[in-house]
Amino acid sequence: MSKKVAVLPGDGIGPDIMAQAQRVLEAVDKDKIFEVTPAAIGGAAFEKFESHFPEETKKICEAADAILFGSVGGPIDQAHLPKWKNCETNSILALRKTFQLNVNLRPVKLYPALTAISPLKDSVIGNGTDILIIRELVGDIYFGEHKQYQENNKRHAFDSAEYDEDQIAIAAHQAFQAAKHRRGKVTSVDKANVMATSKLWREIVSEVGKQYPDVTLEHMLVDNCAMQLILNPGQFDVMVTANLFGDILSDAASAIPGSLGLMPSASLNASGFGLYEPSGGSAPDIAGKNCANPIGQILSLAMMLRYSFEMHDAASAIENAVRQALEAGYRTADILTEGARKIGTKEMTDAIISFIES
Ligand code: IPM
Ligand code: MN
């Protein structure tokens, strides 16, 4: 039976790097089992359908077994939209809500070949960095009420944050399950000294943790966690946290390997359906110039093969090929190291494909 993938390239460098990920998919799809259907999203969709997430795209996604997503953020007129609604919120947040994508997995891995481009000193990253950040994705302040209003001649604004125990438990289970296959440690990050949602978060994560006696659980306040990520990232194995904290901490952590262009992610719902996207943005300034780093998109494809299709060998083949290409000195502009030759998006993919096939 064929495996159906909805491919949503989006805006900016999205189409550039998505085209390369599709080449990699073809290279591992020896039996031609994948059926790929492209669909419009973001600014590119708005230009054609006057919607950032058109009905047609929704139907294609609903009919698919997984979604491979590029990036969004297009040059469009947003004058008619409320201030907190824009291309990104209308497309990616709508997808998360429509498919109830409960958790976002963001692995942060430092490649030995690239330690020179990490902003952190060798003495700090010396014992390696390999963190799996699990961000809750359908609750919190992201999906609360947002408003601006006028009162007593002053402008006010209001955002509400809410969690229910099931949302927290799903993220917690995901974290403990992942830790069992890694180094056996979960760091749950919250602001339980101040926020009610965080107090509930801590309570539920602790309860779920009792079901996983082999995994060590620690709680950390988010301000301290931000500091610890810079002082000693090697201490973290699996990190689990709420939507907004996860958004911020995952960007901070992604600076450690040296480039956002390297970072993949997977957003999964409770029944295992997934959307896979690189963490980097649409970078419209370098779009169409064959210079964006395709690795984040290619590793997102590997995560898709692993999580949606249980094709662990193909996923590992891609991940190993990326590591080999980096070890062999292939570098796009964002990860250039001394003495290395700069190559383009397509040439980096050529190198990765050649290692998959070797
Ligand atoms: C991300 C992005 C989104 C988020 C934006 C574009 C709404 O920053 O995927 O991390 O905040 O979740
Ligand atoms: Mn973000």
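Read the numbers this way: they start at 1 and go in the same order the structure lists the ligands and their atoms. Throughout, residue positions are numbered sequentially from 1 according to the sequence presented.
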Any side-chain heavy-atom pair of Pro54 and Lys48 under 4.5 Å: no
I'd like the residue list for ligand 1, meaning every protein residue with a non-hydrogen atom under 4.0 Å from the ligand. Glu88, Arg96, Arg106, Arg135, Tyr142, Asp247
Picking from Glu136, Glu277, Glu88, what satisfies salt bridge (Lys or Arg N to Asp or Glu O under 4.0 Å) with Arg96? Glu277
Is the ring pair Phe355/Tyr330 parallel, tilted or perpendicular, if the boundaries are 30 and 60 degrees? perpendicular
Examine distances only and state if a side-chain atom of Lys185 and a backbone atom of Gln235 form a donor-acceptor pair shorter than 3.5 Å. yes
Would you say the side-chain atoms of Glu327 and Tyr111 include a donor-acceptor pair closer than 3.5 Å? no
Do Val194 and Leu200 share a hydrophobic cluster, counting only Ile, Leu, Val, Met, Phe, Trp and Tyr and linking them when any side-chain heavy atoms are less than 4.5 Å apart? yes
Would you indicate whether Glu207, at its atom CD, is surrounded by more than 12 heavy atoms from other residues, nucleotides or ligands within a distance under 6.0 Å? yes
What's within reach of the Mn ion (ligand 2), meaning protein N/O/S atoms under 2.8 Å? Asp247 OD1
Greater than 12 external heavy atoms within 6.0 Å of Glu50's CD: no
Quick one: sort the Tyr149 and His156 rings into parallel, tilted or perpendicular, breaks at 30° and 60°. parallel
